[in-house]
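Structure, as structure tokens:
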Amino acid sequence: MSVFENDAFRYHESVHFFSDEATGLQAIIAIHSTVLGPALGGCRVVNYADSHEALEDVLRLSRGMSFKNSLAGLELGGGKSVIIPPKHWDGDPRHVGKDRAELFRAFGRAVQSLGGRYVTAEDMNVSVEDAENMALDTNHVVGLDVSHGGMGDPSPLTAEGVFLGMRACVRRAFKTESFKGLNIAVQGLGKVGWRLCEDLHAAGANLIVADIVPETTARAARLFGAKIVDTDVIVTTRADVFAPCARGSVINDDTIGALDVKVIAGSANNQLERGALGLDLMERGIIYAPDYVINAGGVINIAPEIKGQVNHEWVNKKIKKLEDTVGEIVDQAMKNNRSTNDVADEIATRRILDMRDAGKVWQPAFAKKISLQETA
Ligand code: NAD
């Protein structure tokens with residue numbers, strides 16, 4: 001299927017394919033929308049089966065970034081980028097070596113060539129060090145280390161947003177705002193999941209955990225008294241809340257019928273394999289916190305960097321608002337018998353379209369320099 005016929009391409013402003021012979025770089029940057037501001041979205045390295053799979057992934061993710069940034073009230077559009085590991089990395093996206101730095105510098109030049117319409121950051125298999133290599137060749141990269149004027153690791157802020165959004169759902173499902181005695185199943189104890197477990201444990205929740213790394217779950221059992229279950233079992237484990245914090249598509253046709261929770265609230269992106277499953281969740285009486293709303297803490301954390309600022313106070317205030325945002329979406333969905341993800345998509349889209357229709361469309365700085373008189 002060609003790009004233009006691909007459903008995921010709809011409403012995208014542009015898609016850019018880059019290659020660099022010297023480093024073996026093959027990358028795709030998708031810009032979904034720059035109406036609200038420069039298109040912000042991270043860069044991931046994944047060993048895709050082929051370039052079609054890479055394209056599908058980047059298109060889905062860049063649209064998600066437009067929605068996420070819009071709903072978080074940021075002056076940012078949505079975009080995303082993917083890098084296909086070069087052949088000599090033998091399919092290892094975490095390949096280590098001097099050639100890695102060169103590849104990310106080449107990617108930085110690709111980002112720079114878009115003149116600020118796209119701003120990149122870390123995502124899967126892209127570290128702060130990789131981002132700092134990009135920064136040698138572009139000034140349109142954020143998520144840099146504190147020592148280089150960045151806002152630092154966004155994961156603790158993402159976890160805080162998930163905790164608050166989860167509380168909004170718990171309040172509606174169980175008529176309490178206390179986590180005390182609630183059974184919470186957490187899938188993935190990485191940067192976000194671990195921090196979430198710390199906060200939930202401190203708030204008195206009973207944890208049920210799964211991770212592909214046994215040392216991590218053993219540590220959770222030791223420190224939080226968590227019950228460990230198999231990674232195949234965690235999604236359908238009986239609990240009050242399920243927090244997916246590992247990977248996407250965990251709510252799918254195979255798992256949905258076996259879910260045994262009242263709330264789903266976690267950090268993973270694209271938790272629903274397809275949007276229509278949100279309605280099934282609602283009909284089953286499960287409150288689902290839309291992923292891109294509840295996990296916006298990370299992007300909120302890096303937003304000030306785009307303006308060259310470090311502003312923790314602004315970030316903290318904005319993250320606190322996520323509890324109300326998630327709660328309002330759940331209330332609207334319940335009132336109108338709609339899925340929470342559908343309500344969220346509508347709010348996010350409306351903000352973008354309102355700005356577009358009002359002609360308040362963001363323009364990159366280089367475009368502003370040329371006035372009509374000068375060009376006439
Ligand atoms: P991470 O890589 O640090 O952690 C992921 C964890 O999941 C790891 O411990 C890994 O071992 C585990 N895992 C992988 N496959 C698993 C499986 N099948 N079952 C159980 N555990 C499994 O990632 P992270 O930064 O903690 O992010 C977690 C999720 O949240 C990702 O989907 C990410 O895209 C999303 N997210 C993260 C942030 C952020 O600020 N880090 C922001 C928004 C969204």
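Start at 1 and go down the list; that is how both ligands and their atoms are numbered. Please read all numbers here as calculations on a predicted model, not as lab measurements.
- Of the heavy atoms in C245, only backbone atoms (N, CA, C, O) come closer than 4.0 Å to ligand 1.
- Below 30°, between 30° and 60°, or above 60°: for F4 and F9 the angle between ring planes is above 60°, a perpendicular geometry.
- Looking at atom 31 (C) of ligand 1, its nearest protein heavy atom turns out to be A246 O, 3.5 Å.
- Heavy atoms of N269 come nearer than 4.0 angstrom to ligand 1 in at least one pair.
- Checked for salt-bridge contact, R167 and E177 miss the test: no charged N lies under 4.0 Å from a carboxylate O.
- At the top of the distance list for atom 41 (N) of ligand 1, counting protein heavy atoms only, stands S155 OG, 3.2 Å.
- In this structure, the side chain of D240 does not engage the main chain of L182 through any donor-acceptor pair within 3.5 Å.
- Residue S267 has at least one heavy-atom neighbour below 4.0 Å for each of these atoms of ligand 1: 28 (C), 29 (C), 30 (O), 35 (C), 36 (N), 44 (C).
- Interface atoms of ligand 1 facing L189, defined by a heavy-atom separation under 4.0 Å, are 9 (O).
- When only interatomic distances are considered, the shortest N/O to N/O separation between G193 and ligand 1 does not fall below 3.5 Å.
- For atom 43 (C) of ligand 1, the closest non-hydrogen atom of the protein is N295 O, 3.6 Å.
- Between the side chains of N125 and R94, at least one donor N or O lies within less than 3.5 Å of an accepting N or O.
- A donor-acceptor pair shorter than 3.5 Å cannot be found between the side chains of K227 and N206.
- The contact set between ligand 1 and V213, taken as ligand atoms under 4.0 Å from a residue heavy atom, comprises 11 (O).
- The residues D253 and R274 are annotated as salt-bridged, a charged nitrogen and a carboxylate oxygen being separated by less than 4.0 angstrom.
- Atom 14 (C) of ligand 1 has I212 CD1, 3.6 Å as its closest protein atom, hydrogens excluded (heavy atom only).
- Across T158, V192, D123, heavy-atom proximity to atom 40 (O) of ligand 1 is greatest for T158.
- Counting all heavy atoms, side chain and backbone alike, H88 lies closest to H95 at O-CE1, 4.5 Å.
- Residue contact check: T231 has heavy atoms under 4.0 Å from atoms 19 (N), 20 (C) of ligand 1.
- Of the candidates R195, R247, K191, it is R247 that places a heavy atom closest to atom 18 (N) of ligand 1.
- Looking at R219 and E215, no side-chain N of the basic residue comes within less than 4.0 Å of a carboxylate O on the acidic one, giving no salt bridge.
- Aromatic ring orientation, H32 versus H12: perpendicular (interplanar angle above 60°, classes split at 30° and 60°).
- Summary of contacts: the protein heavy atom closest to atom 8 (C) of ligand 1 is D211 OD2, 3.5 Å.
- Closest to atom 4 (O) of ligand 1, if we only count protein heavy atoms, is G190 CA, 3.2 Å.
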Dump the intermediate steps for side chain to side chain contact (heavy atoms under 4.5 Å, CB included) on Y11 and S66, then the final yes or no.
CA-CA 11 Å; Y11 308 119; S66 281; over 6 Å; no
